[in-house]
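Only one structure is covered here, and it is reproduced in the block below.
Numbering of ligands and ligand atoms starts at 1, following listing order. Residue numbers run from 1 in the order of the sequence given. From a predicted model like this one, the values you see are computed outputs, not experimental measurements.
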Amino acid sequence: MSESSTTEAGAASAPAQTSEEVLVLDFGGQYSQLIARRIRECGVFAELLPSTTPVEVIRERAPKALVLSGGPASVYEPGAPPFPTELLDLEIPMLGVCYGMQAMVKALGGRVEGAEAGEFGRTELTLRGGGGRLLGGLPEEQSCWMSHRDTVFEPPEGFAALASSPGSPVAACELPERGLYGIQFHPEVVHTPYGTEVLTRFLREIAGCEQGWSPESVIAEQVAKVKAQVGDGRVICGLSGGVDSSVAALLVHRAVGERLTCVFVDHGLMRLNEGEQVVEAFGRFGIPLVRVDAEERFLARLAGVDDPERKRKIIGEEFIRVFEEEAAKLEDVRYLVQGTLYSDVIESGGSDGADTIKSHHNVGGLPEDLDFELVEPLRMLFKDEVRVVGAELDLPERMVWRQPFPGPGLAIRIVGGEVTKERLDILRAADAILQEEIRAAELYRRLWQSFCVLPVVRSVGVQGDGRTYAYPIVIRAVTSDDAMTADWARLPYDLLERVSSRIINEIRGVNRVALDISSKPPATIEWE
Ligand code: XMP
């Protein structure tokens, strides 16, 4: 890849992505982020803002359309977030989803009431009067996914009712002359087969949005932004081996080339060959990389410690110390790359601007007094978009799809005793076998995480003619969408059998393999 040609092309073709955007106003719905992601999947840039965002702020952003999300409140509850009627003055197309539709309908004089029974889950939808502008041409009967108790019984004056379901006399309505649309069902979930079609129709045909959002456009835009921010300054990036910091580094490298230096602190708590993979991948791109072999330092500080929170604290502090030492060796570095994602931005209140250092697990939580200006090229991206951008930037598949790995690494998977080199080596070897077999069974991407845990206890076994007294290894594999909840993965028995026999046969010091079959809650994913 030629540095100059890609950066030039990037700057020249950077689209004004944010001038063609849709704003999703969040009324607290469980799926609000998903609405924004789905809109982006339709090729249109979408951002999420709180439903309380002042209308003046929205006007300044000049969105092409607004989507009002669902929410947990009842429109009649005291304190329920109201429909901001001043939005109507903006005269832009607006789509209310679930609570968003109910709030709009109520504010405009329609009838919304609590129904005897709500509708939850798969529901049959029947079009009325041909389905109008929003639903016309779709099958007369279709299934959709609902989650509501309040129900629209009559649309506001002038609105046409477009569909009904067994529990919703008005499951969709519209007033095209004023660009107002509402649907009771959730178009963003996969259980609504025509959901994407409905969104696409609203975005393209009704709001006239162009398809300008793509991995290529993200790369071009972010490269241009970083160039503008950094000028001819020097930049440092802490690499963890995870997809976020890797993609952030690649984007910044496209923008500033050799003026980026990456620092990879190898704390000795990584998985097998992980450090080598990072060095090789970044070497391929010709990115200046400092690998700090800090295993001894970390192990010395962890000696005698078995309390989980102390381990985390020690590892975090040591990481900062090493990082600061390396940064001090580089001259004139003013900028620090952070792999902050859009979900972090939303969680921290959606503030704009790159002015705070967020506590970021994978770089050990850098303190606020580090004297750097932050460069955050992933601030507008969801995790799955980061992976798409990573693949587009030729990041090796193994790194693009890496399962989440905690910043304190294998240290928090050795439980109930001190972290030693011997135990780390056993755990690393067991983990490598598990990963190899899971990849061979093509299950790696379907699992949120899969790893081994080494409880510091010994049990009796028999191998050959001798009695053994050795560690167990626990296999932990979970499925999850966001790590907030997780289910233990039903791994095939033959896979478990292979993993168990390989771990016991190939690794000295292990004589037993167990499987963790707890979900989160009440367990957590990691053991500490
Ligand atoms: P738990 O164990 O709380 O984990 O269910 C949820 C997710 O967070 C990861 N995790 C960590 N990541 N530093 C990190 O960078 C940590 O100290 C840490 N603890 C847990 C865990 O791997 C899972 O994905």
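- Between the side chain of Lys311 and the backbone N or O of Ala411 there is at least one donor-acceptor pair closer than 3.5 Å.
- Remark: ligand 1 atoms within the under-4.0 Å shell around heavy atoms of Lys520 are 1 (P), 3 (O), 5 (O), 6 (C).
- The CD atom of Glu274 lies 4.5 Å from the CZ atom of Arg402; values are rounded to the nearest 0.5 Å.
- The distance criterion of under 3.5 Å between nitrogen or oxygen atoms is met by Gly407 with respect to ligand 1.
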Original post:
Step by step, would you call Glu295 with Lys421 a salt bridge (Lys or Arg N to Asp or Glu O under 4.0 Å)?
Top reply: CA-CA 9 Å; Glu295 182 184 39; Lys421 175 94 167 94; 3.6 Å; yes

**OP:** Evaluate the salt bridge (Lys or Arg N to Asp or Glu O under 4.0 Å) criterion for residues Glu376 and Lys225: first the C-alpha distance (whole Å), next the side-chain angles of each, then the deciding distance (0.1 Å), finally the verdict.
**Re:** CA-CA 10 Å; Glu376 298 179 301; Lys225 258 193 181 162; over 6 Å; no

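- Remark: ligand 1 and Ala483 share no N or O pair separated by less than 3.5 Å (distance only, no angle test).
- Ranked by closest heavy atom to atom 18 (C) of ligand 1, the top entry among Arg413, Arg312, Lys311 is Arg312.
- Atoms of ligand 1 found under 4.0 Å from any heavy atom of Trp448, numbered from 1 in the order shown, are 24 (O).
- Of all atoms in ligand 1, listed by their number and element, those nearer than 4.0 Å to a heavy atom of Thr524 are 1 (P), 2 (O), 5 (O).
- Checked against the 6.0 Å centroid criterion, the rings of His253 and Phe285 do not qualify as a close aromatic pair.
- Side-chain N or O atoms of Arg259 include one that pairs as donor or acceptor with a backbone N or O of Gly231 at under 3.5 Å.
- The residue among Gln449, Arg476, Glu526, Glu528 with a heavy atom at the shortest distance from atom 23 (C) of ligand 1 is Gln449.
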